[in-house]
Amino acid sequence: MKIEITRSGGFGGITRSWSLEVSATEAEQRWLPLARAEGGIDHADAPGGTGEQRDRFTYRIAIGYTEVYVFEGRPDGPWRELIDRARSAKAAPSTASAATPPAAAPPPAPSPADHHRTAGDATPEEAAPEEARDAGPGKPRELL
Amino acid sequence: MRRGSAVVGTLRRRIHDAGGREELPGNLVRAEGAPLTGDAATDEAYDGLGSTYRLFSEEYGRSSIDGAGKPLDATVHYGSNYDNAFWDGERMVFGDGDGEIFGRFTASLTVISHELTHGFTQYSTNLQYQGQSGALNESLSDVFGVLVEQRELGQDAGAASWLVGAGIFTPAVEGQALRSLKAPGTAYDDDVLGKDPQPATMADFVDTTSDNGGVHINSGIPNHAFYLAAVALGGKAWKGVGRIWYEAVLSGSLPADCDFPTFARATNDAAGERYGAGSREAEAVAEAWSKVGVPA
């Protein structure tokens, strides 16, 4: 299964993306339960989830149709391991881009049954790609 | 909110070295008054904090970032190949770069002054780091960041580069800096990084959920307004428009969720109060906001 990681923010405000192929077993036994476990958590310092920190990174991690937002607040834990693996995966495509314009073409709509927006309040409108939506509060997790 | 202090305190810098780890603060390697260490990042951070302190202290009479003489703390050599610099609420933190796209972040004075200005904003307006207020938060760091450099170099507005982060890209990157106040959207255009996404006017405002709602992107609009006002007036930007921006921040009229028009009105008011309604300065500020499409 493909895991896509998109990093935004930082001093430069440059969005970068990495992807990683993991086995279905690993995705289903490790990453999907971890992402789903974070659903519904109300992060006290959202939006932004950054507290008084400025110029830090926020990661959007998409595991199939399940996505989670991870704030760079703490450096250790499983999400950090996943991010490091994706960044070092030489075979995986690595792209970087500026913010996607609001007119970005949406991908095929996911099945509602498969769509889990674990880091926020999912609505039908949010099934559109992140960059295609109007600015709204992200609710990133800190790296665990 | 704390207003500017009339009592200028003593500059107290403390530079720590994280030694490539992601643990703060790291080991103290240079305290105030200590000699050069020979480590470029340490000495650049030390000097950059001094330059930033002096702008706020000597030009605007503010005692450190909090108006009460707060010591200035920084950590260098944070993480391994860490390609960022940030403000953690108490200190500035600088990575050495990944060596592929970024070199060390202390190599540009504007990066150091940008991060320290986040501290000034935290202790003054504390603009929310989301959407337009977040873009204003970023813009203030860019504006005072470049003013610190211009003051150090003795540059008039017309001679300055108006670049943020010049010199931190590796030679492999097609770009001169991370942002340009003079021409937002032109700082870099690289095969790997893509093109500088900053807009210069409201017509190109970017709606996005990335980057806390585009705080590093839409900051190009108030950045460019500052630039336009500064070059219209000419001379030393930190003394003219810079003071107007500073007084607007401390006016007490900026809510934490301030939007661009509210900030524009605050700068118009500050210009009118200092120089008089209808003054050359007030007209330059109002005209600048009009040109970038922000109603005031």
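Reminder, nothing fancy here: chain letters follow the sequence lines and each chain counts from 1.
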What parts of residues 169-187 of chain B touch chain A if we use heavy atoms and a cut-off under 4.5 Å? B:L178, B:R179

Could you please state which residues from residues 86-97 of chain B sit under 4.5 angstrom from chain A, measuring non-hydrogen atom to non-hydrogen atom, sorted by number, or 'none'? B:F86, B:W87, B:D88, B:G89

Select one option (side chain, backbone, both, neither) describing which atoms of [X] are under 4.5 Å from chain A's heavy atoms.
X: B:D83; result: both
X: B:E115; result: side chain
X: B:D98; result: side chain
X: B:D204; result: neither

With distance as the sole test, does A:S8 use its side chain to make a donor-acceptor pair with the main-chain N or O of B:S210 at under 3.5 Å? no

Side-chain donor or acceptor of B:H216 paired with backbone N/O of A:I14 under 3.5 Å: no

Evaluate whether atom CG of B:N27 has more than 12 neighbouring non-hydrogen atoms of other residues, nucleotides or ligands under 6.0 angstrom away. no

Hey, does A:E52 have a side-chain heavy atom less than 4.5 Å from the side chain of B:N126? yes

Side-chain touch A:R54/B:T117, heavy atoms, less than 4.5 angstrom: no

If you take all heavy atoms of A:D55 and B:A85, which pair is closest and at what distance? CB-O, 3.4 Å

If I take atom OG from residue B:S108 and atom CZ from residue A:F11, how far apart are they, to the nearest 0.5 angstrom? 6.5 Å

Roughly how far apart are A:Q53 CD and B:Q122 CD, rounded to 0.5 Å? 10.0 Å

Sorted by chain and number, sequence neighbours left out, side chain to side chain donor-acceptor pair (under 3.5 Å) with B:S139 holds for B:N223

For A:E72 and B:E22, run side-chain contact (heavy atoms from CB on, under 4.5 Å): C-alpha distance rounded to whole Å, both residues' side-chain angles, the deciding distance at 0.1 Å, then the answer. CA-CA 11 Å; A:E72 188 205 6; B:E22 295 190 7; 5.9 Å; no

Residues at least two apart in sequence or cross-chain that pass side chain to side chain contact (heavy atoms under 4.5 Å, CB included) with B:A41, listed by chain then number, are B:D39, B:V76, B:H77, B:R104, B:T106

